[in-house]
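The chains referred to below are lettered A, B, ... by the order of the sequence lines, with proteins before strands, and numbering in each begins at 1. Basis for what follows: all heavy atoms, side chains included, without hydrogens, waters or symmetry-related copies.
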2 protein chains.
Amino acid sequence: MLTIGNLAKKTGTKVQTIRYYEQIGLMPEPGRTEGGQRRYGDAELDRLSFIRHSRQLGFSLDAIRELLDLSDHPEKSCDEADAIARRQLRQVEQRMARLKALRTELKRMIHECSGGRTADCRVLEVLRDHSECLTEHDDIGA
Amino acid sequence: MLTIGNLAKKTGTKVQTIRYYEQIGLMPEPGRTEGGQRRYGDAELDRLSFIRHSRQLGFSLDAIRELLDLSDHPEKSCDEADAIARRQLRQVEQRMARLKALRTELKRMIHECSGGRTADCRVLEVLRDHSECLTEHDDIGA
DNA sequence: GCTTGAATCTACAGTAGCTAGAGGATGTAA
DNA sequence: TTACATCCTCTAGCTACTGTAGATTCAAGC
């Protein structure tokens with residue numbers, strides 16, 4: 001039986017975050033000691049690990065909730081999980097493309113920008129320039 | 001002269017977001033009509049475009065503020081811009097690494113998960129499994 | 001010139017996903 | 001049994017927006 005602090009350590013989560021997940025219904029209400037402290041078992045450790053890894057991979061709590069629901073009801077088709085994954089993959093690839101462009105620009109800036117003044121520096125222009133914007137106006141959010 | 005609505009359209013920003021940027025000092029207070037409505041010129045369009053593109057690339061508003069400050073004071077040495085650029089480059093590369101890992105995982109998920117049922121689907125297990133967690137416990141935040 | 005309706009205004013509340021702090025209770029090891 | 005780390009609840013704060021209410025303004029059509 002794990003205390004909330006140990007569960008936190010094992011999963012790299014803050015204690016408050018675990019309580020927050022419980023509050024919003026992502027984690028179940030755990031058993032308690034006589035004195036009212038939370039105690040966790042392996043099932044909860046697995047569930048929290050899943051949540052944390054998903055978060056690290058960029059899933060929103062809503063997407064995670066969807067996946068956990070699938071996991072809780074395995075009779076459903078996998079197509080649903082697949083759709084979620086595909087959605088996330090599209091977002092990930094968009095982000096990577098943008099970051100790649102930025103990285104190129106930052107590298108050039110660092111290279112060219114040695115003892116000059118900001119006025120000669122094109123980084124700001126690059127990101128300001130509309131013509132260099134390929135994937136215009138798509139969403140930012142996770 | 002652009003209305004706030006047209007500026008919003010041109011930059012893919014919500015009207016409220018523009019007002020929010022003004023409120024926190026990222027965007028300057030624009031000129032107003034007699035009736036009190038905001039009117040924007042090209043300088044503001046450029047500035048907002050820069051902000052939006054930077055946000056799309058994952059920069060925090062604070063980082064953007066730094067870059068804009070440099071742009072607003074081109075008499076400063078480029079060393080400062082260089083330092084910021086280097087810092088950002090590090091962040092960008094970290095992000096790309098994480099996204100790359102995610103992309104691999106999502107692709108594998110989609111590949112393995114074809115027409116089966118959730119019970120057979122390893123997506124949930126993969127993310128739950130501690131042993132497959134390589135980059136354990138690193139931060140998530142932007 | 002007048003009307004109409006979309007767009008704007010301010011102000012405030014709500015969202016996601018946490019994070020921090022106060023003030024007090026509990027658990028455990030020496 | 002005492003010290004003190006950890007736990008509890010509750011509340012507030014954070015970033016970066018987003019939405020709503022109710023009033024005002026602008027521009028186009030008649």
* Structure fact -> Glu22(B) and Pro28(B) have their tightest heavy-atom pair at CG-O, 4.0 Å
* For dC8(D), does OP1 or OP2 lie under 4.0 Å from any side-chain N or O of Arg39(A)? -> no
* Length of the CG-P vector between Asn6(A) and dG27(C), whole Å -> 15 Å
* What integer distance in Å separates Tyr20(A):OH from dG13(D):P? -> 18 Å
* Quick one: which of Glu44(A), Arg38(A), Arg39(A), Gln16(A) gives a side chain to side chain contact (heavy atoms under 4.5 Å, CB included) with Ile4(A)? -> Arg38(A)
* Structure fact -> Assign each of Gln37(A) and Gly36(B) the nucleotide of DNA chain D bearing its closest heavy atom; nearer the 5' end lies the nucleotide of Gln37(A)
* Kindly say if Thr33(B) contacts the phosphate of dC26(D), meaning a side-chain N or O under 4.0 Å from OP1 or OP2. => yes
* May I have the distance from Tyr40(A) (atom OH) to dC7(D) (atom C1'), rounded to whole angstrom? => 11 Å
* Gln16(A) side chain: which of dC17(D), dT8(C), dT19(C) is closest? -> dT19(C)
* Give a yes/no answer on whether the side chain of Tyr21(A) brings an N or O atom under 4.0 Å of OP1 or OP2 in dC18(C). => yes
* Closer than 4.0 Å, any side-chain N/O of Ser60(B) to the OP1 or OP2 of dT15(D)? -> no
* What nucleotide among dC7(D), dC17(D), dC18(C) has an atom nearest to a side-chain atom of Val15(A)? -> dC7(D)
* Are a donor atom and an acceptor atom from the side chains of Arg47(A) and Tyr40(A) found within less than 3.5 Å of each other? -> no
* Give the rounded distance in Å between these two atoms: CD of Gln23(B) and P of dC17(D). => 13 Å
* To do: Could you work out which one of dC18(C), dA16(D), dC7(D) sits closest to the side chain of Leu61(B)?
  => dA16(D)
* Structure fact -> In whole angstroms, the gap separating P of dT28(C) from CD of Glu34(A) amounts to 13 Å
* Does the side chain of Thr3(A) get closer than 4.0 angstrom to OP1 or OP2 of dC7(D) through an N or O atom? -> yes
* Asked: For Arg38(B), which contact category applies under a 4.0 Å heavy-atom criterion: base, sugar-phosphate, or nothing?
  -> sugar-phosphate
* Asked: dA16(D) phosphate, OP1 or OP2: any side-chain N/O from Lys14(B) under 4.0 angstrom?
  -> no
* **Thr13(B) side-chain N/O to Thr17(B) backbone N/O, donor-acceptor pair under 3.5 Å** => no
* Considering non-hydrogen atoms only, spot the tightest contact between Ala8(A) and Val15(A) and give its length. => CB-CG2, 3.9 Å
* Looking only at heavy atoms, what is the nearest atom pair of Thr11(B) and Leu48(B), with distance? -> OG1-CD2, 3.4 Å
* **Candidate nucleotides dT10(C), dT6(D), dC17(D), ranked by approach to the side chain of Arg32(B) - the nearest** => dT10(C)
* **Whole-Å distance separating the CD atom of Glu22(A) from the C1' atom of dC8(D)** => 12 Å
* **Phosphate OP1/OP2 of dC17(D): any Arg55(B) side-chain N/O under 4.0 Å** => yes
* Could you check whether Ile4(B) gets within reach of a base, just the sugar-phosphate, or nothing at all, counting any heavy atom under 4.0 Å? => sugar-phosphate
* Asked: Could you give the CZ-to-P distance, from Arg19(B) to dA13(C), as a whole number of Å?
  -> 17 Å
* Asked: Between Ile51(A) (CD1) and dC18(C) (C1'), how many Å, whole number?
  -> 14 Å
* Give a yes/no answer on whether the side chain of Arg65(A) brings an N or O atom under 4.0 Å of OP1 or OP2 in dG17(C). => no
* Asked: Given that Ile24(A) and Gly5(B) both sit by DNA chain C, which one's nearest nucleotide is further toward the 5' end?
  -> Gly5(B)
